[in-house]
Amino acid sequence: KQEVTQIPAALSVPEGENLVLNCSFTDSAIYNLQWFRQDPGKGLTSLLLIQSSQREQTSGRLNASLDKSSGRSTLYIAASQPGDSATYLCAVRPYAGGTSYGKLTFGQGTILTVHP
Amino acid sequence: DTEVTQTPKHLVMGMTNKKSLKCEQHMGHRAMYWYKQKAKKPPELMFVYSYEKLSINESVPSRFSPECPNSSLLNLHLHALQPEDSALYLCASSHPTSETQYFGPGTRLLVL
């Protein structure tokens, strides 16, 4: 059974800092990995999706890397801003086929607070 | 347009009521999902529809009944719920070949 762990559970940083969020998974047979952010009481916003054949994806100040063999992904946020404060979730999708279609396994999330 | 809409935003119901949650997307996605999220927990998958057919049911109690009338619309019918079913219910959709899941804002459900 796939298990996804995110470290740290919570992180508080001053504005302007570069930071790294970690995600690890136990079964390396993944199809892709997706990073989301969730504001309190809201739905999830997709940030980046990395296919299993890729090593990294970038969008603006965000960079996500994937090392499938070691079961790890990191989300790097450059020059953090108070608006980045949210819960960040990573989710892995098993290899395509059979009844695994569309099933994401989520980590518990990292609660990020960026203070001015 | 990368928007998934959900109605209602909030719902309060008694244990004997029947209600429905609605989800809509116009992105041409052919996969749609229902998730349940309790406070401070990640979303838990409930159902997956692929090309309007139910493809995954994660052993959800029968008091939750999904329906996909067409490729843009997904409903979740609720009947005889329990207080522990109170949660945020999230709908998502994806195009099978891109697989990025786009989430709606959710319906906050309270069962009294």
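Every chain is numbered from 1 and lettered A, B, ... according to where its sequence line falls, protein lines coming before strand lines.
For chain A, no part of B:Q6 is nearby; none of its heavy atoms comes within less than 4.5 Å. For a residue to count as touching a neighbouring chain, one of its non-hydrogen atoms must lie under 4.5 Å from one of that chain's; by this rule A:L44 touches chain B with backbone and side chain alike.
Put simply, the side chain of B:L88 reaches to within 4.5 Å of the side chain of A:Q38, judged on heavy atoms. Contact check for B:V48 versus A:K103: no side-chain heavy atoms found under the 4.5 Å cut-off. In this structure, the side chains of A:L104 and B:Y35 come closer than 4.5 Å at one or more pairs of heavy atoms.
Under the 4.5 Å side-chain heavy-atom criterion for ILVMFWY residues, no single connected hydrophobic cluster contains both B:L110 and B:L76. A continuous path of ILVMFWY side-chain contacts below 4.5 Å connects B:L74 to B:L109, so both sit in one hydrophobic cluster. A:L47 and A:L49 fall into different hydrophobic clusters, where Ile, Leu, Val, Met, Phe, Trp and Tyr side chains are chained together by heavy-atom contacts under 4.5 Å. Note: the hydrophobic cluster containing A:F36 does not contain A:Y88 (ILVMFWY, side chain heavy atoms under 4.5 Å, direct or indirect links).
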Side-chain donor-acceptor distances from residues 12-22 of chain B under 3.5 Å, at least two apart:
residue	atom	partner	partner atom	Å
B:N17	OD1	B:G14	N	2.7
B:S20	OG	B:H77	ND1	2.6

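For chain A, the option among B:K41, B:K9, B:Q37 with the highest count of heavy-atom pairs below 4.5 Å is B:Q37.
Taking 4.5 Å as the heavy-atom cut-off, none of the residues of residues 66-73 of chain B approach chain A. Heavy-atom neighbours of chain B within the stretch residues 107-116 of chain A, taken at a separation under 4.5 angstrom, comprise A:G107, A:Q108. Interface with chain B: from residues 73-83 of chain A, no residue qualifies, criterion being any non-hydrogen pair under 4.5 Å.
Residues A:F106 and B:P43 approach most closely at CD1-O, 3.6 Å, considering heavy atoms.
The CG atom of B:L45 sits 9.0 Å away from the OG1 atom of A:T105 when rounded to the nearest 0.5 Å.
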